[in-house]
Amino acid sequence: MSPETDFVVIGSGVAGLRASIELASAGARVTVLTKDKASESNTEYAQGGVAVVLSEDDEAGLHEEDTLVAGAGLCDEKAVETLVTEGTKYIKQLIDWGAEFDREAGKLIFTQEAAHSRRRIIHSHGDSTGAELVRALIARAGLEKKINLTPFANTERLIVHDGRCVGVEFLDPVLRAPREVFGKAVIMCTGGAGQLYQHTTNPSVATGDGMAMAYLAGAEMADMEFIQFHPTALNLEEAPRFLLSEAMRGEGGILRNKYGERFMPNYDERAELAPRDIVSRSIVAEMRRTGTRTVFLDMTALDGEFLKHRFPKIYDTCSHYGLDISEDQLPVSPASHYCMGGIRTDLWGRSTLPGLYAAGEVSCTGVHGANRLASNSLLEGLVFGARAGQAAAEESKDLRVKREDVASSDQSLVSTLNSQLSTAVKKRVKRIMWERVGIIRDREALVRALTEFEQILAGSISFSSRKFVTVAKLVATAALWREESRGGHYRSDFSKQRDDWRVHSVQQRDQPIGSAHSISFQS
Ligand code: FAD
Ligand code: SIN
């Protein structure tokens, strides 16, 4: 790989692949660095589908309204409008590129998920929507000769020169040594940070690296307190927290407590299809009330053949653990799932650090506000990945970045040893986050979490471990700062939503936490 390219894209989920295709279509050379094999990402595991306005009884205004309601007063309206109006175009383009969505008699099938006023979720192979998107995007990217994708290339930090992000340092998978690559701009698409928590639906790559790298390089981070916990992750001693899609409740699944009683109507009139934060908190309350660690998802009223066909991956995975989804009660509990906050960007993916763009789950465009509407994030990755690619290509046309201009002022922090995320640190942080910065938070627990993070940071730990703790600290700091409850952030000591808190949290390195009325800081 050449040490100089036009653009560096970090990550190969929906956002990174879509941004790369856009850049290459504009004639640019694109170096894509990705931590694991190309397909390993949150995108790969997405089940429920993509929310998009394509059915006859739907319209952009309704999708926009549902997204704004779910966001609990903190969405940026322009960002939401961009998502829902441009989303349809990008999905049609993806279908033209070969992505297959489930159909009946040639027509797309739409399913229901919580807080959507229409059936507007399209899906692939029943419950393998993300894998189909990755397949189609990797195939499309493969047609672009100017895209050079390097798997198993763990990016460690951003290189900033004269106030501009001009490259990255990563661990070369072949040489097993740190290397640099320079470009006109970097597009961060490293996804979320579900792995911060002991129980998560996210794969092991989701450790928030991009958030840490951007923050340490000086970019602003927004709304880090807002973490979405998915209500229904399979909870078995011997199994990872495998997601049981919200679409299962959309198709008629019921939640029951250990006595077999349906409990959601006692908590919210929308019952199983209330927004995720409400269902997750209700499950926690019900588990406490009944003294258990799980509740149960009951699909037994649905036809077995239908379930097998509609949720083949879930069916097979549950069978592997000895559960028949059409006959058995499925033990579930909430798990961390999605980060609403991230690198603060405008509508073109520009971060506040010149030369650094961000798209997808690592970013905060204001699309999700305090709580993401189900199945809006694959769409976000497509729309804002493409927009970040367009903007970067357009704005950097006349820029030249040369390695020799930069190298002398920049000191490497990376070594093979420094790049190991210590298992002990990871385990400790995950436990602290789950117990003190989880679904229900309060001042005392958050202060204790922050004290523990400072203690860990004061020790001698690797650069990678430091980044992991840094992201945990960003979440806990913002959660302590926000003295109200809103969307994915619930404080038992400030249990009401308050109008004077209708602002975004903003964190920047070496600055006290502050606030902003809008995520977008330029047009
Ligand atoms: P990702 O897809 O996570 O990609 C991030 C990429 O960055 C990966 O390739 C990763 O390896 C790479 N990376 C990370 N760190 C580094 C590093 N240091 N160096 C180099 N590369 C790095 N959303 C929906 O809209 N619909 C759904 O049905 C849905 N279902 C979901 C089910 C599950 C189980 C999960 C976990 C999430 C689901 N989501 C769903 C959310 C959605 O999948 C993600 O928000 C979205 O895919 C994020 O895309 P992304 O491109 O931003 O990040
Ligand atoms: C699910 O299938 O329940 C996940 C959907 C999402 O996270 O958007």
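Nothing fancy with the numbering, it's 1 onward along the sequence. As the structure lists them, so they are numbered: ligands from 1, and atoms in each ligand from 1. Predicted model only: the values in this text are computed from it and were never measured.
- In this comparison of Ala335, Ala374, Ser377, Ala247, the heavy atom closest to atom 42 (C) of ligand 1 sits on Ser377.
- At a heavy-atom cutoff of 4.0 Å, ligand 1 is contacted by the backbone of Asn376 but not by its side chain.
- Scanning both residues, Arg276 and Glu246, for their nearest heavy atoms gives NE-OE1, 2.5 Å.
- With hydrogens and angles ignored, the 3.5 Å screen pairs a side-chain donor or acceptor of Thr200 with a backbone N or O of Ser336.
- Under the 3.5 Å distance criterion, with hydrogens and angles disregarded, a donor-acceptor pair is assigned to the side chains of Arg372 and Ser377.
- Relative to atom 1 (P) of ligand 1, the option among Asn42, Ile10, Leu137 with the closest non-hydrogen atom is Asn42.
- Heavy-atom separations between Leu243 and ligand 2 include at least one value shorter than 4.0 Å.
- Residue Gly13 has at least one heavy-atom neighbour below 4.0 Å for each of these atoms of ligand 1: 2 (O), 4 (O), 6 (C), 9 (O), 51 (O).
- The closest approach between a heavy atom of Glu113 and any atom of ligand 2 is below 4.0 Å.
- At a heavy-atom distance under 4.0 Å, only backbone atoms of Gln47 (N, CA, C or O) approach ligand 1.
- Nearest-heavy-atom check against atom 44 (C) of ligand 1 across Arg241, Glu361, His368 picks out Glu361.
- Heavy atoms of Gly49 approach ligand 1 to within less than 4.0 angstrom.
- For Thr155, a nitrogen or oxygen atom sits less than 3.5 Å from a nitrogen or oxygen atom of ligand 1, counting backbone and side chain alike.
- Taking every heavy atom of Glu40 and a limit of under 4.0 angstrom, the matching atoms of ligand 1 come to 8 (C), 9 (O), 10 (C), 11 (O).
- For ligand 1, the atoms lying closer than 4.0 Å to a non-hydrogen atom of Ser12 are 6 (C), 8 (C), 9 (O).
- Polar contact check, Gly48 against ligand 2: a nitrogen or oxygen pair lies under 3.5 Å apart.
- Between the side chains of His116 and Asp66, not a single donor N or O lies within less than 3.5 Å of an accepting N or O.
- The closest approach between any non-hydrogen atom of His337 and ligand 1 is below 4.0 Å.
- Listed by number with element, the atoms of ligand 2 under 4.0 angstrom from any heavy atom of Ala374 are 8 (O).
- For ligand 1, the polar-atom distance check against Asp36 finds no nitrogen or oxygen pair separated by under 3.5 Å.
- In terms of protein heavy atoms, atom 8 (O) of ligand 2 is closest to Ser375 N, 2.6 Å.
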Stepwise, does the ring pair (Phe, Tyr, Trp, His ring centres under 6.0 Å) test hold for Phe229 with Tyr197? CA-CA 10 Å; Phe229 293 86; Tyr197 288 89; 5.2 Å; yes

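- Of the heavy atoms in Ala153, only backbone atoms (N, CA, C, O) come closer than 4.0 Å to ligand 1.
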Test salt bridge (Lys or Arg N to Asp or Glu O under 4.0 Å) applied to Asp209 and Lys467, step by step: CA-CA 7 Å; Asp209 303 3; Lys467 283 187 294 187; 5.4 Å; no

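- With no hydrogens or angles considered, a side-chain donor-acceptor pair links Lys35 and Thr207 at under 3.5 Å.
- Between the side chains of Asn154 and Glu156, at least one donor N or O lies within less than 3.5 Å of an accepting N or O.
- At a heavy-atom distance under 4.0 Å, no atom of Asn376 approaches ligand 2.
- One N or O on the side chain of Thr88 and one on the backbone of Val53 form a donor-acceptor pair closer than 3.5 Å.
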Going through the checks in order, is the ring pair (Phe, Tyr, Trp, His ring centres under 6.0 Å) test met by His230 and Tyr338? CA-CA 8 Å; His230 198 292; Tyr338 185 85; over 10 Å; no

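- Of all the heavy atoms of Cys189, the ones lying under 4.0 Å from any atom of ligand 1 belong exclusively to the backbone.
- Remark: ligand 1 atoms within the under-4.0 Å shell around heavy atoms of Arg372 are 23 (N), 24 (C), 25 (O).
- Using 4.0 Å as the threshold, Val50 has no heavy atom nearer than that to any atom of ligand 1.
- Between Tyr45 and ligand 1, no pair of N/O atoms sits closer than 3.5 Å.
- Looking at Pro203 next to ligand 1, no N or O pair under 3.5 Å apart turns up.
- Both the backbone and the side chain of Thr34 come within 4.0 Å of ligand 1, counting heavy atoms alone.
- Heavy-atom proximity to Gly191, at under 4.0 Å, picks out these atoms of ligand 1: 3 (O), 5 (C), 52 (O), 53 (O).
- Inspection of the Ser375 and Glu113 side chains reveals an N or O donor paired with an N or O acceptor under 3.5 Å.
- Using 4.0 Å as the threshold, Ser375 has a heavy atom nearer than that to some atom of ligand 1.
- Ligand 1 places these atoms under 4.0 Å from at least one heavy atom of Gly360: 52 (O).
- Between the side chains of His63 and Asn376, at least one donor N or O sits under 3.5 Å from an acceptor N or O.
- Shown are Asn148, Val168, Leu149; of these, the side-chain contact (heavy atoms from CB on, under 4.5 Å) with Leu33 is made only by Val168.
- Residue contacts with ligand 2 do not include Ser377, since none of its heavy atoms lies under 4.0 Å from the ligand.
- Here Thr201 has heavy atoms under 4.0 Å from ligand 1 in both its backbone and its side chain.
- Every atom of ligand 2 is numbered from 1 in the order shown, and the set under 4.0 Å from a heavy atom of His230 is 1 (C), 3 (O), 4 (C).
- Under the side-chain hydrogen bond (donor to acceptor under 3.5 Å, both in side chains) rule, Lys430 has a single partner from Gln198, Gln195, His199, which is Gln195.
- Some N or O of Gly48 is nearer than 3.5 Å to an N or O of ligand 1, by distance alone.
- Ranking protein heavy atoms by distance to atom 2 (O) of ligand 2, first place goes to Ser245 OG, 2.7 Å.
- The closest heavy-atom contact to atom 17 (C) of ligand 1, among the options Asn154, Thr207, Asp127, comes from Asn154.
- Nearest to atom 5 (C) of ligand 2 by heavy-atom distance, out of Glu246, His123, Arg276, Arg372, is Arg276.
- At a cut-off of 3.5 Å, with distance as the only test, a side-chain donor of Glu286 or Tyr267 sits close to an acceptor on the other residue.
- Contact annotation: for Glu156 versus ligand 1, there are no heavy atoms closer than 4.0 Å.
- Below 3.5 Å of separation, one finds no N or O of Tyr338 facing any N or O of ligand 1.
- Atoms of ligand 1 lying under 4.0 Å from at least one heavy atom of Leu33, given by number and element, are 20 (C), 21 (N).
- Side-chain atoms of Ser20 and Glu144 form no donor-acceptor pair, as typed in the model, at a separation below 3.5 Å.
- Using 4.0 Å as the threshold, Gly210 has no heavy atom nearer than that to any atom of ligand 1.
- Considering backbone and side-chain atoms alike, Met213 places every N or O at 3.5 Å or more from each N or O of ligand 1.
- Side-chain N or O atoms of Arg256 include none that pairs as donor or acceptor with a backbone N or O of Val295 at under 3.5 Å.
- For ligand 1, one of its N or O atoms has an N or O atom of Val14 under 3.5 Å away.
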